[in-house]
Colleague: 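Structure below; questions to follow.
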Number of protein chains: 2
Amino acid sequence: MKHSLVRQHIIETASDLFYQKGYNRTGINEIIKEAGIAKATLYNHFASKEDICLAYLRFRNDLFTKNIRTFVGNAKKGKDQLYALFHFLIEFFAEKDFNGCWCVNTIAEIPRENEKIRKEIQKQKEEFIEFIKELVEKNCSQNTTSENEILAKKVYLIYESSISESKLHQNQWPIATGLSLCKSILN
Amino acid sequence: MKHSLVRQHIIETASDLFYQKGYNRTGINEIIKEAGIAKATLYNHFASKEDICLAYLRFRNDLFTKNIRTFVGNAKKGKDQLYALFHFLIEFFAEKDFNGCWCVNTIAEIPRENEKIRKEIQKQKEEFIEFIKELVEKNCSQNTTSENEILAKKVYLIYESSISESKLHQNQWPIATGLSLCKSILN
DNA sequence: AAAATTGAACAGACAAGTCTGTCTTTAATT
DNA sequence: AATTAAAGACAGACTTGTCTGTTCAATTTT
């Protein structure tokens with residue numbers, strides 16, 4: 001297998017395990033066993049478990065970003081594009097391996113002083129807010145940039161809550177309620 | 001030290017550590033060292049680490065429930081009592097050891113199949129929704145019970161988001177935005 | 001020929017939980 | 001009041017097993 005493919009294979013294997021079991025409860029030995037590679041090979045590609053964690057976060061985020069942009073892009077222009085965020089979430093929730101937000105899960109597991117991982121997570125969330133802001137501007141722009149920013153942050157808060165709470169309660173009512181809440185503020 | 005006092009001392013010590021460092025990253029040895037007790041003493045009071053985790057969740061929840069009820073009770077009657085939830089959060093956020101919601105943090109750390117802990121967390125959250133519902137009924141009741149229920153869940157979602165996201169971004173903007181969002185739906 | 005991968009052994013820290021035997025405090029009995 | 005008994009707390013060694021990360025000689029791939 002080509003060098004870069006091995007690397008990608010490790011990332012995808014570790015991503016599944018980290019997302020399903022959590023970061024701390026997934027051991028390096030489990031990753032290499034599942035990936036079918038030697039430990040030395042893994043450490044030839046990554047300097048540490050933490051580096052695999054970063055790759056995991058980026059991999060999931062890239063996939064998520066791609067998918068949600070496509071999904072939202074297929075929705076009717078106008079407020080529906082914002083509502084589509086929640087319809088996307090309903091599909092995500094229905095997947096059998098749904099386990100909430102990887103960022104929130106990971107940040108609960110790492111030491112507070114781990115800036116590297118925390119900064120990565122914060123960056124991803126800021127990008128997501130930026131994406132929502134673009135949707136707001138395109139589909140239901142307010143008077144000022146600042147108002148758009150605030151509205152985007154509100155939608156973001158609702159979205160985050162929907163994903164976290166649907167995981168916690170193991171029920172999709174938080175997504176439906178989130179959508180309803182979102183609709184009520186887009187007037 | 002009296003039996004029940006030792007038990008309480010263990011719970012409080014473990015609670016601090018679990019909340020600050022996380023459940024998996026806190027070892028039994030650290031708990032006994034910090035509490036200044038013998039390991040056999042700890043296992044004389046608790047059958048397992050998991051049992052200490054349950055006690056931790058209940059301890060934090062009891063304290064939280066007591067404090068937020070007092071705080072909200074001191075607010076002016078009417079919608080202010082709902083807004084007080086967020087003012088309470090601002091004070092909570094300002095504490096130097098603020099680390100988000102213990103339920104959300106813990107649920108990210110335990111195996112999915114751990115029903116005991118998951119059920120406890122779900123129960124706590126349901127009780128919290130019930131509390132918000134009572135506030136809604138008393139202070140800005142809608143036409144029907146069902147509408148009160150829905151409104152309570154919306155406020156709950158906003159609250160949860162505010163606490164989680166203020167931790168993630170290490171900034172209080174999510175609480176301010178959450179309050180603003182809350183105000184906009186209470187009309 | 002150079003680079004990558006392999007398995008396996010290894011180090012050393014740390015995990016949860018058990019166990020032995022001693023000390024101290026309190027309460028019941030004589 | 002003196003003796004005895006029981007309970008709980010004590011230290012800490014110990015078991016069993018996991019963890020991340022390293023090293024190395026042999027083999028395979030490019």
Side-chain angles (χ1 to χ4, degrees), chain A residues 1-57 105-106 108-117 120, chain B residues 1-57 105-106 108-117 120:
Chain A
M1 205 187 268
K2 245 181 86 180
H3 191 69
S4 62
L5 289 182
V6 172
R7 190 188 150 87
Q8 191 57 25
H9 180 53
I10 294 170
I11 293 173
E12 288 177 21
T13 307
S15 289
D16 282 348
L17 292 167
F18 285 162
Y19 184 61
Q20 288 306 309
K21 304 193 32 170
Y23 176 66
N24 286 325
R25 294 183 52 260
T26 301
I28 291 290
N29 291 322
E30 199 174 350
I31 297 171
I32 61 169
K33 190 182 161 192
E34 187 69 23
I37 57 162
K39 197 183 274 194
T41 305
L42 184 143
Y43 278 102
N44 192 29
H45 286 273
F46 296 95
S48 65
K49 193 187 177 188
E50 186 188 306
D51 279 8
I52 306 176
C53 185
L54 280 169
Y56 151 63
L57 292 171
N105 292 345
T106 304
E109 291 217 67
I110 55 155
R112 274 194 195 201
E113 55 274 14
N114 190 327
E115 291 220 353
K116 227 170 162 182
I117 290 181
E120 172 64 31
Chain B
M1 206 186 269
K2 243 182 84 179
H3 190 68
S4 63
L5 289 182
V6 173
R7 191 188 150 87
Q8 192 56 24
H9 180 53
I10 294 170
I11 293 173
E12 287 176 22
T13 307
S15 289
D16 283 348
L17 292 167
F18 285 162
Y19 184 61
Q20 288 306 309
K21 303 192 32 171
Y23 176 66
N24 286 324
R25 293 183 54 261
T26 302
I28 292 289
N29 289 323
E30 199 174 351
I31 296 171
I32 61 169
K33 190 182 162 194
E34 186 69 22
I37 60 162
K39 198 180 269 196
T41 304
L42 184 142
Y43 279 102
N44 193 30
H45 286 273
F46 296 96
S48 64
K49 193 186 178 188
E50 187 189 305
D51 279 9
I52 306 176
C53 185
L54 280 169
Y56 151 63
L57 293 171
N105 292 346
T106 304
E109 291 217 67
I110 55 155
R112 274 193 195 201
E113 55 275 13
N114 190 328
E115 291 218 352
K116 228 169 161 181
I117 291 182
E120 173 64 31

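Naming: A, B, ... by sequence-line order, numbering from 1 per chain. For the numbers below, each heavy atom of this structure counts, side chains included, while hydrogens, waters and symmetry mates do not.
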Colleague: Ignoring the backbone of A/Tyr43, work out which of D/dT20, D/dC24, D/dA9 is nearest its side chain.
Modeller: D/dT20
Colleague: Atom CZ of A/Phe46 and atom P of D/dT22: how far apart are they, to the nearest Å?
Modeller: 15 Å
Colleague: B/Leu42 CG to C/dT18 C1': how many Å, rounded?
Modeller: 13 Å
Colleague: Does B/Phe18 reach the side chain of B/Leu57, with side-chain heavy atoms less than 4.5 Å apart?
Modeller: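 Side-chain contact under 4.5 Å: no.
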Colleague: In the structure I gave you, are the side-chain heavy atoms of B/Arg25 and A/Glu109 within less than 4.5 Å of one another anywhere?
Modeller: no
Colleague: Taking the side chain of B/Lys49 as heavy atoms from C-beta outward, which of C/dA16, C/dG7, D/dT20 is closest to it?
Modeller: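 Shortest atom-to-atom distance from the side chain points to C/dA16.
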Colleague: Would you kindly check whether a donor in the side chain of B/Lys39 faces an acceptor in the base of D/dG12, or vice versa, at under 3.5 angstrom?
Modeller: no
Colleague: Rounded to whole angstroms, how far apart are CG on A/Asn44 and P on D/dT29?
Modeller: 17 Å
Colleague: At under 4.0 Å, does any side-chain N or O of A/His45 touch on OP1 or OP2 of C/dT5?
Modeller: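 Yes.
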Colleague: Do the non-hydrogen side-chain atoms of A/Asn114 and A/Glu50 ever get within less than 4.5 Å of each other?
Modeller: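 Yes; the side chains approach each other to less than 4.5 Å.
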Colleague: Side chains of B/Asp16 and B/Glu12, heavy atoms from C-beta outward: is any pair under 4.5 Å?
Modeller: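 No; the side chains remain at least 4.5 Å from each other.
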Colleague: What is the separation between atom CD1 on B/Ile10 and atom C1' on D/dG8, rounded to the nearest whole Å?
Modeller: 12 Å
Colleague: What residues from residues 16-38 of chain A pass a heavy-atom cutoff of under 4.0 Å to DNA chain C?
Modeller: A/Gly36, A/Ile37, A/Ala38
Colleague: Would you check if B/Ile28 and B/Ile52 make a side-chain contact, meaning some heavy-atom pair closer than 4.5 Å?
Modeller: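 Touching, per the 4.5 Å side-chain cut-off.
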Colleague: Between atom CZ in B/Arg7 and atom P in D/dA9, what is the gap in whole Å?
Modeller: 12 Å
Colleague: Taking A/Asp51 for its side chain and A/Phe46 for its backbone only, find out whether a donor-acceptor pair lies under 3.5 Å.
Modeller: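 Not confirmed, A/Asp51 side chain does not pair with A/Phe46 backbone.
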